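Numbering of residues begins at 1 and proceeds along the displayed sequence. Quick caveat: nothing in here was measured; it's all calculated off a predicted structure.
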Amino acid sequence: MSSPSQSRPWDVHRLPSAEGRSFLVTGGNAGIGYFAAEQLAATGAVVVLGSRDRAKAGAAMASIRSRVPGARVRHLRLDLADLPSLKTAVDGLDLDHLDAVVHNAGVALDDPPRRETADGHELMFGTNHLGHFALTRWLAPLLSAAPTGRVVTVGSFAARSERLDLDDLQSTRDYRPKRTYGRSKLAQMSFGFELDRRLRAVGSTVLSVVAHPGGALDSLTPSRPPVSVTTPGERLRALPAALLVQGKEAGAWPIVRAVLDPEVRGGQLWGPRVFGLRGTPRREPVPSHMADPATATRLWTTSGELTGTDPDLGFR
């Protein structure tokens, strides 16, 4: 006999209760991260918004509370571009366990010049990939203390057409912003799949899942003032695009399912149903270049060296 979770189709508008659970969403103050946090807050969970900017996090929390009565939201000052600060940040969580982290925060630059973090890493690779890699190390004990902790890494459609250059991960020789961004997201996705292999190898209860929002445009996103405002004119002009892509509220759906659905397994990839660009969430086949073990092992080793973390990332 099937369980209720198997017999009832997943409904993005009727999420299961997550009362008593706690989730951390990096970059939860804007964009996809904001909508993931808003949707997760509606389940009764404690949702922590990881954000560098206290004022932006405050605006996001106020917006969530105005839409979700009794929402339990908190801010954690988190700067993924500052690796030495991450352990102190995690200590400030003040939780005895963490049920899931959503590795969502990201920097996307459109124009040169190449920029670096304070630690001397290329900004997009350093923030999007290395920052989350190092953060996972400090969260490992809290995730392991949860009954079934989850690491949900937010990838991007942009990673499909990219390939990692393992000899130039930081784009020192050839910097093209869009390509560097796509590769930073590919590095994140490769990390998510490799993390799952390593968690299985040590018999961990923690799952690592990868999800992506498809094509998510600001102009198709519902307004959440003062966090974000979409004018009627912008929405009207974007309507033709709605045949192919969607707004950021819908872009959060695969990520939220990856956090909550009891049927989700480690090592899976979740994205929107229609061409991977729009629609309700479904499981997708994992493209081979995202889960190539040889590439992932080299990326893992280099990431460990660059961040100064243990090779097992604290999962034993």
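- Salt bridge absent: Glu122 and Arg183 never bring a charged side-chain N and a carboxylate O closer than 4.0 Å.
- Side chain of Gln268 to main chain of Val209: no donor-acceptor pair is present (N/O by atom type, distance under 3.5 Å, no hydrogens or angles).
- Considering only residues two or more places apart in sequence or on other chains, Arg67 meets the salt bridge (charged side-chain N to carboxylate O under 4.0 Å, His left out) condition with none of them.
- Of all non-hydrogen atoms in Met124 and Tyr175, the two that sit nearest each other are CE-OH, 3.5 Å.
- Between the side chain of Thr43 and the main chain of Pro16, no donor-acceptor pair closer than 3.5 Å is present.
- At a threshold of 4.5 Å between side-chain heavy atoms, the hydrophobic network of Ile, Leu, Val, Met, Phe, Trp and Tyr places Val259 and Leu15 in one connected group.
- Scanning all heavy atoms of the two residues, the minimum distance from Gly20 to Asp99 falls at O-OD2, 4.4 Å.
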Expected list for residues 141-149: side-chain donor-acceptor pairs under 3.5 angstrom, two or more places apart:
residue : atom : partner : partner atom : Å
Ser144  : OG   : Ala140  : O            : 2.8

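- Note on Trp270: it does not cluster hydrophobically with Val286, by side-chain heavy-atom contacts below 4.5 Å among ILVMFWY residues.
- Under the 4.5 Å side-chain contact rule for hydrophobic residues, Val102 and Val107 do not share a cluster.
- The OG1 atom of Thr295 lies 13.5 Å from the CZ atom of Phe193; values are rounded to the nearest 0.5 Å.
- Atom CG of Asn128 sits about 12.0 Å away from atom CG of Leu186, to the nearest 0.5 Å.
- Without hydrogens or angle criteria, Thr180 side chain to Phe125 main chain gives no donor-acceptor distance under 3.5 Å.
- Inter-residue side-chain proximity for Leu98 and Phe23 is flagged as unmet; no heavy-atom pair is nearer than 4.5 Å.
- If you check the side chains of Ser228 and Tyr34, you find no donor sitting under 3.5 Å from an acceptor.
- The side chain to side chain contact (heavy atoms under 4.5 Å, CB included) search around Pro285 returns none, not counting sequence neighbours.
- More than 12 heavy atoms of other residues, nucleotides or ligands sit less than 6.0 Å from atom CZ of Arg200.
- Listed for the Ser184 side chain is a donor-acceptor partner under 3.5 Å among the backbone atoms of Tyr181.
- Counted by atom type alone, Asp292 and Ser288 present zero donor-acceptor pairs between their side chains at under 3.5 Å.
- Side-chain atoms of Thr136 and His103 include a donor-acceptor pair closer than 3.5 Å.
- Between Asp310 and Arg316 there is a salt bridge, since at least one side-chain N of the basic residue sits less than 4.0 Å from a carboxylate O of the acidic one.
- Listed for the Arg173 side chain is no donor-acceptor partner under 3.5 Å among the backbone atoms of Gln170.
- Applying side chain to side chain contact (heavy atoms under 4.5 Å, CB included) to Ile255 and the options Ile32, Val210, Leu40, Leu260 leaves one that passes, Ile32.
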With a cut-off of 3.5 Å and sequence neighbours excluded, list every side-chain donor-acceptor pair involving residues 235-248.
residue : atom : partner : partner atom : Å
Arg235  : NH1  : Thr221  : O            : 3.3
Gln246  : OE1  : Gly279  : N            : 2.8
Gln246  : NE2  : Pro213  : O            : 3.2
Lys248  : NZ   : Asp218  : OD1          : 3.0

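- Between Thr309 and Thr307, the shortest heavy-atom distance links the atoms OG1-OG1, 3.0 Å.
- Judged by a 6.0 Å distance limit and a 45° cone about the ring axis, Arg198 is positioned over the six-membered ring of Trp300.
- Contact check for Pro177 versus Asp110: no side-chain heavy atoms found under the 4.5 Å cut-off.
- Following chains of ILVMFWY side-chain contacts shorter than 4.5 Å, one cannot reach Leu93 starting from Val152, and the two form parts of different hydrophobic clusters.
- Minimum interatomic distance between Pro254 and His212 (heavy atoms only, all atoms of both residues): CG-O, 3.5 Å.
- Considering only heavy atoms from C-beta on, Leu139 comes within 4.5 Å of Leu24 through its side chain.
- Within the 3.5 Å criterion, the main-chain N or O of Pro281 finds a donor-acceptor partner in the side chain of Arg273.
- Taking Asp167 as the reference, Arg298 meet the side-chain hydrogen bond (donor to acceptor under 3.5 Å, both in side chains) condition, with sequence neighbours excluded.
- Shown here for Glu194 and Ala296, the closest heavy-atom pair between the two residues is OE1-CB, 3.5 Å.
- Asn104 places a side-chain N or O within 3.5 Å of a backbone atom of Gly27 that can act as its donor or acceptor partner.
- For the pair Ser66 (side chain) and Ser63 (backbone), a donor-acceptor distance under 3.5 Å is present.
- By the neighbour-count criterion of 12 heavy atoms within 6.0 Å, atom CZ of Arg114 is densely surrounded, having more than that number from other residues, nucleotides or ligands.
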In residues 80-89, what donor-acceptor pairs under 3.5 Å come from side-chain atoms, sequence neighbours left out?
residue : atom : partner : partner atom : Å
Ser85   : OG   : Asp82   : O            : 2.7
Lys87   : NZ   : Asp91   : OD2          : 3.2

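- Contact annotation: the side chain of Gln188 never approaches that of Val154 to less than 4.5 Å [non-hydrogen atoms, C-beta and beyond].
- Side chain of Lys56 to backbone of Val227: no donor-acceptor contact under 3.5 angstrom is found.
- Proximity of a side-chain donor or acceptor of Gln39 to a complementary backbone N or O of Glu249 within less than 3.5 Å is detected.
- The aromatic ring centroids of Phe35 and Trp253 lie 6.0 Å or more from each other.
- In this structure, Arg163 places its CZ atom where more than 12 heavy-atom neighbours from other residues, nucleotides or ligands lie under 6.0 Å away.
- The two residues Arg74 and Met61 make their nearest non-hydrogen contact at C-SD, 3.5 Å.
- Checking Thr153 against His132 by side-chain atom types alone, no donor-acceptor pair falls below 3.5 Å.
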